[in-house]
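All remarks here apply to the structure that follows.
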Amino acid sequence: MTPWVPAVRRTVPHLPEVVLSALFVALFLVWSWLVLTGCTAAVDRIRPLFLPPRSYAGQIAEAFSLVTHPLVIVIAIAGVTVFSFRRRMRRLALALTVAAAGIPLQTILALTTHRARPHTAFADSISHFGGAYPASHVTAMTLGAWVLVTLTRAHRRPTSSVAQWVGVGVGAVALTAACQWIMGLAHLSDIVGGLLLGAAVANLALSAGGVDSILSAWARLGLPRESTDKRAAVIFNPAKFDDLSLLRRRVEAEVLAAGWSPTLWLETTVDDPGHEPAGRALDAGVDLVLVAGGDGTVRAVSTELAGTGVPMALLPSGTGNLLARNLGVPMDTDAALRLALHGRARAIDVVRCETDAPGGESAMTQRFVVMAGLGLDAQIMEDTSDDLKRVIRAGAYAVAAVQNAAPVPFTATVALDDGEPVEQQVVMALLGNVGTITGGVTLFPHASPSDGKVDLMLASPGKVADWARLGAQILTGRDQKGFSTTSASRMRIATDRPVPFELDGDTTGTTRSLTVEIEPEALLVVAPEA
């Protein structure tokens with residue numbers, strides 16, 4: 001097949017952001033020396049026409065200076081930073097944090113230089129407070145305009161949209177500078193200093209966050225020279241996203257840049273967390289399945305992909321994201337996307353388990369890739385409020401754990417591989433294909449998703465205080481009284497009464513028997529090298 005070759009777009013050569021930042025810092029230092037030694041006095045003698053404060057133009061100018069006050073800008077940038085972080089754009093959030101820091105930096109510089117503002121009829125304005133150099137409003141608006149353009153690009157807007165917002169940003173900076181000058185709140189040299197400082201911090205933010213240069217980013221959004229003839233499917237849980245259009249833009253931009261064919265989008269439902277969409281993806285012959293959902297969606301898709309040879313990639317979107325955390329997949333969506341499209345797949349084990357159906361009529365066969373639990377663990381999952389998880393995330397599990405602080409023990413008969421059955425009083429039995437659970441707690445320090453074994457913890461504390469020993473076990477990696485760990489390729493657990501059962505955080509009713517067997521390296525997952 002002849003590779004598709006799109007029209008080649010010319011790109012604008014650009015310097016690395018750290019070099020641009022260093023250049024602007026150097027220019028700012030040189031200009032500051034000229035200003036503070038009086039070399040710019042001739043420039044500062046250029047004054048605008050007198051603007052009466054009580055005139056319509058004067059009142060409009062003062063209102064604009066209040067809207068563009070540095071305090072207003074820094075609060076706005078902080079809000080956008082929090083929004084970006086919560087949307088898993090963590091490199092962007094880092095860049096925005098650095099940008100926001102430029103505003104208090106300007107305040108420190110203004111206090112250090114002690115340069116007086118020009119004589120003005122607006123001396124009673126809030127905007128008149130503080131030192132004159134560098135101009136605070138111009139610095140803040142330069143950073144604000146940078147944030148506007150960066151957000152437009154981060155949200156994968158079309159090139160024409162980026163160009164429009166660049167025009168808006170430049171216009172806002174120019175209008176702010178003009179307003180400060182005609183109100184007599186800043187000298188021309190102060191305004192130039194504010195522009196240079198804002199540009200220096202903006203490019204430093206780009207370098208820190210790894211974001212492309214403002215001046216050339218949209219010129220480098222050209223299509224690749226060749227198509228890889230690969231296609232990915234995205235199986236997503238719509239309940240995990242407030243803005244699905246944002247996810248689509250981010251995925252399609254990365255897919256397009258990698259030369260892949262348009263993505264197949266498949267949505268989960270309340271009744272089907274991902275089994276049927278995964279089947280459709282396999283029928284479509286995709287080369288990669290990206291999962292954007294919680295642990296339940298990951299388990300459902302893993303169940304269908306096991307043994308097919310089609311790799312799965314993770315876009316962490318849930319509360320726990322346990323498989324992603326255990327495999328080292330980035331929590332940042334953009335970083336996870338790049339890994340998915342350019343990383344290598346590694347084989348991990350899948351755990352097949354057989355349980356009684358609710359009521360014990362027949363056996364049910366299911367799979368999991370992270371953890372399963374009998375007893376207290378499953379009861380906590382059952383009692384955890386979905387609404388509370390949206391608010392305090394992993395803390396919702398702690399609330400449910402407190403509600404079940406005094407569990408009723410049950411008798412478990414456990415047989416490992418070909419060993420003899422052993423009977424024990426327990427409150428829960430945890431099985432792990434990986435070692436770390438919600439909150440970053442490591443229950444199985446020696447667990448590996450590719451060792452051909454499943455780890456088992458039997459918890460039988462005699463009193464509430466014994467749970468403190470679990471903390472010691474987690475910290476030391478040594479078994480404590482009431483908490484024993486082991487591993488095997490096959491297990492069978494029988495209980496004296498029906499107990500709650502969960503798989504990867506999803507409760508599946510109750511059971512009186514559990515048979516577990518490892519499917520070695522049955523699933524391919526794109527993840528960093530182990």
[X] side chain to [Y] backbone, donor-acceptor under 3.5 Å:
X      : Y      : value
Asp504 : Phe368 : no
Asp287 : Arg231 : yes
Asp295 : Leu322 : yes
Asn237 : Thr268 : no
Asp356 : Thr510 : no
Arg299 : Val369 : no
Asn321 : Ala324 : no
Ser489 : Gly452 : yes

>> With a 4.0 Å cut-off on N to O distance, would you call Asp349 and Lys453 a salt bridge?
In response: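 Judged by the 4.0 Å cut-off on N to carboxylate O distance, Asp349 and Lys453 do not form a salt bridge.
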> So, are Glu254 and Arg338 salt-bridged, with charged N and O less than 4.0 Å apart?
Replying inline: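 Yes, Glu254 and Arg338 are salt-bridged.
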>> Counting neighbours of CZ on Phe241 that are heavy atoms of other residues, nucleotides or ligands and sit closer than 6.0 Å, is the number greater than 12?
In response: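 Yes, because the 6.0 Å sphere around CZ of Phe241 holds more than 12 heavy atoms from other groups.
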Tell me the closest heavy-atom pair linking [X] and [Y], and the distance in Å.
X      : Y      : answer
Val427 : Phe410 : O-CE2, 3.5 Å
Phe444 : Leu431 : CE1-C, 4.4 Å
Asp455 : Ala447 : OD1-CB, 3.6 Å
Ile493 : Ala412 : CG2-CB, 4.2 Å
Leu503 : Cys353 : CD2-SG, 3.7 Å
Ala100 : Pro104 : O-CD, 3.1 Å

Value rounded to 0.5 Å, distance of [atom1] in [X] from [atom2] in [Y]:
X      : Y      : atom1 : atom2 : value
Glu502 : Leu376 : CD    : CG    : 10.5 Å
Leu288 : Thr263 : CG    : OG1   : 9.5 Å
Gln366 : Glu354 : CD    : CD    : 10.5 Å
Asn326 : Ser448 : CG    : OG    : 10.0 Å
Leu315 : Phe236 : CG    : CZ    : 12.0 Å
Leu341 : Trp260 : CG    : CH2   : 5.5 Å

Contact check, side chains of [X] and [Y], non-hydrogen atoms, under 4.5 Å:
X      : Y      : value
Val426 : Val414 : no
Leu290 : Leu337 : yes
Arg346 : Glu529 : no
Val422 : Thr413 : no

>> side chain to side chain contact (heavy atoms under 4.5 Å, CB included) for Met428 and Val499? Distances and angles first, verdict last.
In response: CA-CA 9 Å; Met428 72 174 176; Val499 294; over 6 Å; no
> Would Arg325 and Met331 satisfy side chain to side chain contact (heavy atoms under 4.5 Å, CB included), going step by step from the backbone distance to the final call?
Replying inline: CA-CA 8 Å; Arg325 294 182 190 278; Met331 293 296 106; 3.8 Å; yes
>> I'd like to know whether Met312 forms a side chain to side chain contact (heavy atoms under 4.5 Å, CB included) with Ser302, so could you lay out the CA-CA distance, the side-chain angles of the two residues, the decisive distance to 0.1 Å, and finally the verdict.
In response: CA-CA 8 Å; Met312 176 179 74; Ser302 299; 3.3 Å; yes
>> Could you walk me through whether Leu374 and Thr511 satisfy the side chain to side chain contact (heavy atoms under 4.5 Å, CB included) test, starting with their C-alpha distance in whole Å, then the side-chain angles of each, then the deciding distance to 0.1 Å, before giving a yes or no?
In response: CA-CA 8 Å; Leu374 284 166; Thr511 186; 3.5 Å; yes
> side-chain hydrogen bond (donor to acceptor under 3.5 Å, both in side chains) between Arg512 and Thr495: does it pass, once the steps are laid out?
Replying inline: CA-CA 5 Å; Arg512 293 188 60 172; Thr495 64; 4.9 Å; no
> What residue among Leu266, Leu524, Ile235 forms side-chain contact (heavy atoms from CB on, under 4.5 Å) with Val289?
Replying inline: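 Testing Val289 for a side-chain contact (heavy atoms from CB on, under 4.5 Å) against Leu266, Leu524, Ile235 leaves exactly one candidate, Ile235.
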>> Among Val74, Thr81, Val80, exactly one meets side-chain contact (heavy atoms from CB on, under 4.5 Å) together with Ile77. Which residue is that?
In response: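 Testing each of Val74, Thr81, Val80 against Ile77, the sole residue satisfying side-chain contact (heavy atoms from CB on, under 4.5 Å) is Thr81.
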